[in-house]
Amino acid sequence: MGGLGPVDWSSFLVTVATAGERILLRWFPIGVLTELHGLNLTIDGDYNDLVSEDVEEDVTGETTHDEGEEDDDMEYVDVIGEDEGLEAVVDGTTTTETAEEESTVTEHEMVILETRADTSPVPSEGLTDTFIIGEMMKGYDPRVRPANWNNATQQQIQGPVNVELNMLIRSISKIDNVNMEYSVQLTFRESWYDPRLRYNYDTPSQPEFVILDNDQKIWMPDSFFQNEKQAHRHIIDKPNVLIRVYSYGMILYSVRLSLVLSCPMHLQNYPMDIQTCLIDVASYAYTDKDISYYWKSLNPVQQKDGLNSSLPSFRLEDVRTSECTSKTNTGTYSCLRTELVLKRQFSYYLLQLYIPSSMLVIVSWVSFWLDRSAVPARVTLGVTTLLTMTTQASGINAKLPPVAYIKAIDVWIGACLTFIFGALLEFALVTFLSTRNDRKKKKKSENGGLLENEMQGVWIPKNALERADRAAKQQLQARPNALIRWWRRNSATRDTSLQADFISRIMFPTLFICFNIMYWTHYQYPIDKGALPANKTG
């Protein structure tokens, strides 16, 4: 057969495709097939229709042609057509196929010869990515995972595929306390070795790597996020996916994802709490005998510049990496964990909650300085502050989930409500004591005239008056400071209602200050309760 030259025929794949309505092609001499000595030819389909009386062939491969057609010009066919049909395979065993039919080859199926080899020659137009990818994907089965590959020794070894992980956290937002979830956008990267995709042409023009499209299917790890609620890939304006194949067989897979992840929170110290949110990555179907995940040694988790500014109510304190491999009924699964340590920003709650509530408590104390007879003013002040504090507490609790334990904010709101309610009860006590004192004075005044008449005839010695004057002058000369005088003047009164107001003016501020000291001392260094048990895969 002219022009074919020495060929390793065991690497040939011959396909026959059915013509559509009409295929026009230059005929391919059937004698070529008989020159494949030492091969076993199997043809699927009705191949006899392709043979007519004008071509004769014997087992030696000698061919005669009617109408004087030449063989040397017919080493390939030009095809104009649509459909595919018949298929022939040359698998390289023994010579058993002969043809004795004759045919007039004008309109029929096409025959395509395709050479398969480990290293294809460089085409005349130069080495291109398209050529490399085409040769690389021939015979590749994406359903079969690659063998474990030692890049140092360039040998296959026993064990699972080692998949190296790293990620770039682009933003963290929408940390939801009620649903206990958060949103994160990241660039997720995986790399592993697949020796089936190596290429080496020993030419200076050989690229270091080639990039595959999403349509070109290769084997990939079936990684998934264990605590994921919602997720989507970014496809604007093109899919944000990178598949890079290096010449030595390493695959780099990178994709941009937006995830809504579950983050169980412990709110005992809210709003001075520290939460630990997780990103767990594991294989869904492959056990640790097939896939083994490990973190990249240098910068396994990167952070985009300005990441903290994207968190309105939290500050990213630390990012830690660990393993979360778990054992289930279906096997042991390799898993990697990223821990995001988030500390809540306290300034917002200080300005919106703690200072306003403290002012409400202080305003409630104003009633202690009002006259006991100003009933409308004292009642209005006490009820208004109580209702305002209740409304503020309801607004805070609406932003939190209903939990079975006491939070730090619950302690503060409860204490403020107690002080305000106590001031309202103190007014009720003062009113009661004042009413009782008025009744006593009224009863005493009814008997006061008789006692006064009896005292009109009492004579007081002059020296007793002089001694009383000298004692009063001595007391004036040794006058205590203003605070002591104020205390003696108010505490010496026999009016119990005035004494109640006087004691409240001192007791309520003192107790509130003591409460603040204990509260801030206890919650100054909140405990990180974000550690969670390892999640399991199914």
Side-chain angles (χ1 to χ4, degrees), residues 171-185 227-231 258-278 308-317 340-365 380-425 512 515-516 518-520 522-532:
S171 65
I172 302 174
S173 60
K174 197 180 177 181
I175 301 178
D176 193 340
N177 297 316
V178 177
N179 297 321
M180 292 193 177
E181 63 185 21
Y182 71 104
S183 301
V184 60
Q185 184 184 128
N227 56 332
E228 171 248 321
K229 289 186 175 181
Q230 297 177 7
S258 288
L259 306 170
V260 178
L261 301 174
S262 173
C263 181
M265 299 182 182
H266 299 265
L267 303 173
Q268 287 89 340
N269 298 317
Y270 178 89
M272 295 166 285
D273 54 332
I274 298 177
Q275 302 297 336
T276 301
C277 295
L278 307 179
N308 276 326
S309 61
S310 65
L311 299 173
S313 58
F314 283 87
R315 183 174 69 252
L316 185 61
E317 292 286 304
L340 306 177
V341 182
L342 302 170
K343 184 175 182 181
R344 199 180 302 272
Q345 297 281 15
F346 182 70
S347 57
Y348 169 81
Y349 300 92
L350 179 65
L351 297 176
Q352 299 295 324
L353 173 65
Y354 285 93
I355 292 179
S357 58
S358 299
M359 295 174 63
L360 287 175
V361 173
I362 296 174
V363 168
S364 67
W365 300 342
T380 303
L381 185 62
V383 172
T384 301
T385 52
L386 183 62
L387 293 177
T388 304
M389 192 65 210
T390 303
T391 304
Q392 191 176 34
S394 300
I396 294 297
N397 290 326
K399 301 177 182 179
L400 296 174
V403 295
Y405 47 82
I406 298 176
K407 304 180 290 293
I409 194 67
D410 296 334
V411 176
W412 176 265
I413 292 176
C416 292
L417 286 172
T418 301
F419 279 102
I420 295 174
F421 186 69
L424 191 59
L425 291 180
F512 190 69
F515 165 74
N516 274 268
M518 293 185 294
Y519 181 85
W520 298 111
H522 182 269
Y523 291 106
Q524 184 177 5
Y525 302 102
I527 302 174
D528 180 10
K529 298 182 180 292
L532 296 175

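Please read all numbers here as calculations on a predicted model, not as lab measurements. In this chain, numbering begins with 1 at the start of the sequence shown. These values consider heavy atoms only, across backbone and side chains, with no hydrogens, waters or symmetry-generated copies.
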pair M265-N177: side-chain heavy atoms closer than 4.5 Å: yes
Residues that S173 engages under side chain to side chain contact (heavy atoms under 4.5 Å, CB included), provided they are two or more places apart: S183
D176 CG to E181 CD distance, which is reported to the nearest 0.5 Å: 5.0 Å
Set of side chain to side chain contact (heavy atoms under 4.5 Å, CB included) partners for L353, sequence neighbours left out: Q392, I396, I409
Side-chain heavy atoms of L342 within contact of L316, under 4.5 Å: yes
With W365 via side-chain hydrogen bond (donor to acceptor under 3.5 Å, both in side chains) - residues at least two apart: none
Side-chain donor or acceptor of Y405 paired with backbone N/O of L267 under 3.5 Å: yes
Partners passing ring pair (Phe, Tyr, Trp, His ring centres under 6.0 Å) against Y270 (at least two apart in sequence or in another chain): Y349
S171: partners by side-chain hydrogen bond (donor to acceptor under 3.5 Å, both in side chains), with sequence neighbours left out: none
Pairing residues for K174 by the salt bridge (Lys or Arg N to Asp or Glu O under 4.0 Å) criterion, not counting sequence neighbours: none
With sequence neighbours excluded, residues passing side chain to side chain contact (heavy atoms under 4.5 Å, CB included) with I355: L350, L351, M359
Pair V341-I274, side chain to side chain contact (heavy atoms under 4.5 Å, CB included): steps then yes or no: CA-CA 7 Å; V341 182; I274 298 177; 3.7 Å; yes
Contacts of type side chain to side chain contact (heavy atoms under 4.5 Å, CB included), residue T384, not counting sequence neighbours: T380, T388
For S262, side-chain hydrogen bond (donor to acceptor under 3.5 Å, both in side chains) partners two or more places apart: none
Test item: Y182 and F314 side chains (from C-beta on) under 4.5 Å apart, heavy atoms: no
Those residues that, when tested against E317, pass side-chain hydrogen bond (donor to acceptor under 3.5 Å, both in side chains) (two or more places apart): R315
Using a 3.5 Å cut-off and no angle test, enumerate the donor-acceptor pairs between side-chain atoms of residues 411-425 and protein atoms at least two apart in sequence or in another chain.
{"unit_1": "W412", "atom_1": "NE1", "unit_2": "S357", "atom_2": "OG", "d": "2.7"}
{"unit_1": "T418", "atom_1": "OG1", "unit_2": "G414", "atom_2": "O", "d": "2.7"}

Approximate separation, where rounding is to 0.5 Å, of N269 CG and Q275 CD: 9.0 Å
Qualifying salt bridge (charged side-chain N to carboxylate O under 4.0 Å, His left out) pairs, either residue in residues 402-414, two or more places apart: K407-D410
